[in-house]
Amino acid sequence: MSNDILVITEHMDGKFSDVSFEMVGKAKELANAWGGQSIAVVVGGGVSSNVFASDSTIHVDDAALSNFNPEAYGKVIEALVKEKSPKVVMFGWTATGMDLAAWLSAKLGVPCAAYVKNIGADMTMSCQAYGGKMSADVSPEGDMAIAACLAGSFPVEAGQGSTAATTMASPVDLGSLKVKFVEAIKPAGGDVDITSQVKLVSIGRGIGGKENVELAEELAGKIGATVSCSRPVVDAGWLPRTRQVGKSGLKVKPKLYLMLGISGAPEHLEGMKSAELIIAVNTDKKAPIFNVAHYGATADLFEVAEAMLELL
Amino acid sequence: MNIVVAIKHIPSIADDLPVSGNTVDFDSVDFVLNEFDEQSIEQAVLVKEAVGGTVTVVGVDMIGELDAVLHLALAKGADKAVKITGDDPAADSHTQAKWLSEAIKGMSADIIFAGVQASNDLDGQIGPMLAAYLDMPYIGGVSSVEVAGDSATVNKEFAGGVGAKYEVSLPMVVGVQASVKPPRYAPVSKVRQVAQTATIEKVAPSGEVSSGLTMKKMAPPVVTGHAEMIEGSSKEVAAKIVELLKSKGLA
Amino acid sequence: MAQKYEKAIAIEKDNIVVDGIDVSGHWNRMFEQRVITEYTPELIEKIADIPNAESFANCYQCAKCVAVCPVDVVGNYGPRKLYRYAQTGMDLTEAPELWLCTTCANCLRVCPKEVNMVKIMPAAREQAILDGKFVPNELQQAFENTAKSGNPLGQPQRKRDAWIQSAGVPVPIIKDLGRKVNVLWYVGSYPSYHPRGIDAAAAAARIFNALGIDFAILGKEEKDDADSQRLAGEKGLFEMMTEQNIETFNKYEWDEMVVTGPHELNAFKNVYPKYGFERPVVHYSTFLARYLDQLKPLLQHSVEKKITYHDPCYLGRHNGEYEAPRKLLEAIPGVELVEMQRNRENGYCCGGGGGGMWMDSFTAKHTTMRLSEKRAMEAASTGANVLAVACPFEVSRFTDAVKSTGNEHVDVLDILELLDKSMRGE
Ligand SMILES: Cc1cc2nc3c(=O)[nH]c(=O)nc-3n(C[C@H](O)[C@H](O)[C@H](O)COP(=O)(O)OP(=O)(O)OC[C@H]3O[C@@H](n4cnc5c(N)ncnc54)[C@H](O)[C@@H]3O)c2cc1C
Ligand SMILES: Cc1cc2nc3c(=O)[nH]c(=O)nc-3n(C[C@H](O)[C@H](O)[C@H](O)COP(=O)(O)OP(=O)(O)OC[C@H]3O[C@@H](n4cnc5c(N)ncnc54)[C@H](O)[C@@H]3O)c2cc1C
Ligand code: SF4
Ligand code: SF4
């Protein structure tokens, strides 16, 4: 048992994601307070790992780790965690971190908190719950805890630095894996690129059905905007995947982001938080989106959209 | 092929979530099927249709209302339904995953589907924990699954259409983000018939774990910023938005 | 009859005794050896065992039905043939034939054994749905649309009363009115959403206004009657919609309900009572015929047309209204009414009933021609230049059909539109 913090960083195409730096910054702050070390862990090659402000950086490289493989990455991280027995293991609550954090928790019998927005010096973890409608403070029992952190929770800069990484081979045998990486999947082109649009009218589940998408399109047409959406709209087949904003969709930064019937789940916010002007229309006055939008209205999106059409 | 779908019944976040003490007041909220489970049921049935086998849906009955959810799954093509009589609306993901893993152990599952996450996964998601308890590989964020022989090819999504294809030797646990096709329509006649005729196997919870988390506080988030609210009727709201857009040269 | 199902076993013997009775051929009865064919009754029983489909087994093969079945005209169909197919190996719950019957009830009219396809078909179809058998895609889409959007067209519920704008007269919504009305007008899905249906709805609104009728509609609260979905096998959906509709209907005070469509009439008048809703419901033709004296002076413009009227199955055969529509047409100055050969009790089905409305492509694959096309040709052969209808399904069906059969010169108009024309001039 130590007072160290292990930060599992993540990278793709030679670049670390922002959340990696965010976590390193936070880990540094906490480790300082606890008299421990902040250790950045880089798994897989093809990236320069001397970019963190951590006290130390471990870079595990192996042919089997060149692409994200939850099984291989899991084994490596499990071995490292066992060896270092840190006080906290930080993952990003991301497409990759989500495959690993809870798995490691169950594997090692160590508590895990998800959607972590903050970690206090007393180890209290503040988490988002219920799609952002609730905030929960939890404290983990025992000597070690896993924190899966929401992107955008801590400043990026605090984690940037130039600590020289120690490169090592995989601490475990990666010979007989059940999971094989086959190939990368690139986005299908063809549709408009919502990331390059100046104005977006973005619809969520509140739009109710495919038949109503037309209304958003009409409104967008009137103001020269493009229609984008939240994930459920895509999953229901109402709009193509190319229109999805958010964590598993695209990150957008338009001048106008007009939101109709989107609740503002953290996964959606990740994709649009930095839009210049966010206006949200939602019937639920407690929708979390109102904590993020610049302007909001508790109103029926259909009534508002139709009234806007008459005025435009 | 023995296909298993592990589902989660969760408090609906469509309405206000009343708090009682340190938790959501479970007595005064509606429980709904986790939205990603709807996708995973569909994906499981698609796999069955492609390669044959049976689909067993299993979930923890949190408040005694899981039957309706199981009936819907059966109407959509699942063959068997099992409920773990947990009757504890506060059972966390660790507990549910443990109970589910014990129930699934006897099913000789070839592939297990779970929703990629649920909005109450405070202590992590069911899928990866099931994988850990059952010692199977896990991949989450999956948006397509094809099974051939004793391996599955799954597409995992990262972001913005970028993803990766994996080949996994079965058995495995899949965390479904979205099924290849949107969830199918269950004829109401079918749902009603199933409700009258289906037998749901009851299993007592077995196995004990703890999330290891102590809840100190549960409350609506403290708001740091808040939107400037536009008041008035829908017409007035529309007028003000249009005015705002025009003043910023956006309309 | 096409020999498509051939599972029968022919037995040829010199002497045959069946159940102790010698049925061997004799020289004075036949010149050749008697051939007895043995069929397995299993597939007939399979259908007759489904509750409500019992009468399928009654058929004694007299073939009266085939002569009047509209589908037989464009294929090989009718209860007798379905029975025969079943005898020779067809499982109706899996065959395309399951989806071709329009529940037009013409066979029931002539059948001496009361083989009732109007009950058999919905029951057998529901069985197919329950057993996860093939269901035409288009039909499933209509089911899903009805469940999700409240109408088979998949149009937004919030736009249900958008058509009002084209009426040009006040169309009060009962909720806004906040008082009792004489007439609750149930507009229906097609008149609310389909462009050609909207024309009829707007015409009705103008007529009701001109007659000074105290009416209101349900507006955004109105949902599909789902009767055709029931006949197409989705009884659960029908019951779900019925529960919602009855609740809405009972929320308001009104004396009588007027419906635009015969299918709604059938649902509310004949089926809803089983679910506890027993209130007066009439089709608009019956209702307006009562006002003929007030209506006639309003019909000021002559409509110089030769009109033939198509009896909707669900207004005529199912509900016995043949005369009111004709009286309305005859009241229009200038109109010459001619009859098609198949009229009234023997009216030829447009193909839209029993879910046929949502299986057009499927039906086309299994028939030589659409029923609506056959009927459009019959209408044209009378020399009429207007085909008048009284069912919202028909306007769009026949408008298509006159075009596809090269009879564009025949206008397809709802009686409401014709009355409105005469009221207002072209
Ligand atoms: C790994 C992962 C990745 C994800 N990636 C993404 C992503 O990239 N993008 C994304 O968006 N989500 C993503 N999600 C899903 C995310 O968790 C939420 O489920 C989703 O964002 C919710 O979308 P929504 O706001 O449209 O729906 P809901 O949360 O259901 O909100 C609908 C809102 O509409 C309002 N509403 C309803 N009717 C009306 C009306 N008539 N007028 C006005 N308002 C109305 C309701 O009040 C409600 O607030 C991801 C989830 C996971 C697990
Ligand atoms: C549901 C059904 C099941 C059947 N099953 C069988 C079966 O299992 N086996 C079988 O063999 N048949 C069967 N038949 C056929 C039926 O039995 C024959 O059609 C019937 O036996 C023929 O006799 P008929 O009296 O009904 O009338 P018709 O067929 O009209 O025959 C009348 C005959 O009587 C003669 N005739 C009429 N008037 C007189 C008169 N005044 N004096 C003398 N002769 C006269 C006529 O010249 C004629 O030959 C079935 C028919 C049906 C509808
Ligand atoms: S009319 Fe009736 S008895 Fe005669 S063949 Fe047709 S269904 Fe059978
Ligand atoms: S109801 Fe009409 S379509 Fe159906 S079999 Fe009878 S006559 Fe033919």
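Only heavy atoms go into these numbers, but all of them, side chains included; no hydrogens, no water, no symmetry mates. Each chain gets a letter, A, B and so on, in the order the sequences are listed, and its residues count up from 1.
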> Side chain, backbone, both or neither: which part of B:V162 has a heavy atom under 4.5 Å from chain A?
Replying inline: both
> Can you say whether A:A293 sits under 4.5 Å from chain B via the side chain, the backbone, both, or neither, judging by heavy atoms?
Replying inline: both
> Who in residues 232-239 of chain B is close to chain A, using a strict under-4.5 Å heavy-atom cut-off?
Replying inline: B:S234, B:K235, B:V237, B:A238, B:A239
>> Between A:H268 (side chain only) and A:V245 (backbone N and O only), is there a donor and an acceptor less than 3.5 Å apart?
In response: yes
> What part of B:V19 is in contact with chain A, defined as an atom under 4.5 angstrom from a non-hydrogen atom: side chain, backbone, both or neither?
Replying inline: side chain
>> Counting only non-hydrogen atoms closer than 4.5 Å, does B:V116 touch chain A with its backbone (N, CA, C, O), its side chain (CB onward), both, or neither?
In response: both
> If you measure from CD on A:E141 to OG on B:S210, what distance do you get to the nearest 0.5 Å?
Replying inline: 5.0 Å
>> I need the contact set between residues 25-42 of chain B and chain A: heavy-atom distance under 4.5 Å, sorted by residue number.
In response: B:F26, B:E35, B:Q39
>> The test is salt bridge (Lys or Arg N to Asp or Glu O under 4.0 Å); show your working for B:K248 and A:E276 and say whether it passes.
In response: CA-CA 11 Å; B:K248 306 222 174 208; A:E276 281 176 39; over 6 Å; no
> Where on B:L244 is there a heavy atom nearer than 4.5 Å to chain A: the side chain, the backbone, both, or neither?
Replying inline: side chain
>> Quick check for you: among A:A114, A:G296, A:A95, which has the greatest number of heavy-atom pairs under 4.5 Å with chain B?
In response: A:G296
>> Is B:I126 close to chain A through its backbone or its side chain, or both, or neither, when contacts mean heavy atoms under 4.5 Å?
In response: neither
> Under 3.5 Å, is there a donor-acceptor pair between the side chain of A:D99 and the main chain of A:T96?
Replying inline: no
>> Going by side chain to side chain donor-acceptor pair (under 3.5 Å), name the residues that satisfy it together with A:D284, two or more places apart in sequence or in a different chain.
In response: A:K133
> Is the closest basic N to carboxylate O distance between A:D235 and A:R241 below 4.0 Å?
Replying inline: yes
>> For A:Y115 and A:W93, take the angle between the two ring planes, folded into 0 to 90°, and tell me which bin it lands in: parallel under 30, tilted 30 to 60, perpendicular over 60.
In response: tilted
> Hey, does the side chain of A:E267 reach the backbone of A:S248 with a donor-acceptor pair shorter than 3.5 angstrom?
Replying inline: no
>> Hydrogens and angles aside, do B:D123 and B:S93 bring a side-chain donor and acceptor to less than 3.5 Å of each other?
In response: yes
>> Which residues pass the side-chain contact (heavy atoms from CB on, under 4.5 Å) test with A:A106, not counting sequence neighbours?
In response: B:M129, B:A132, B:Y133
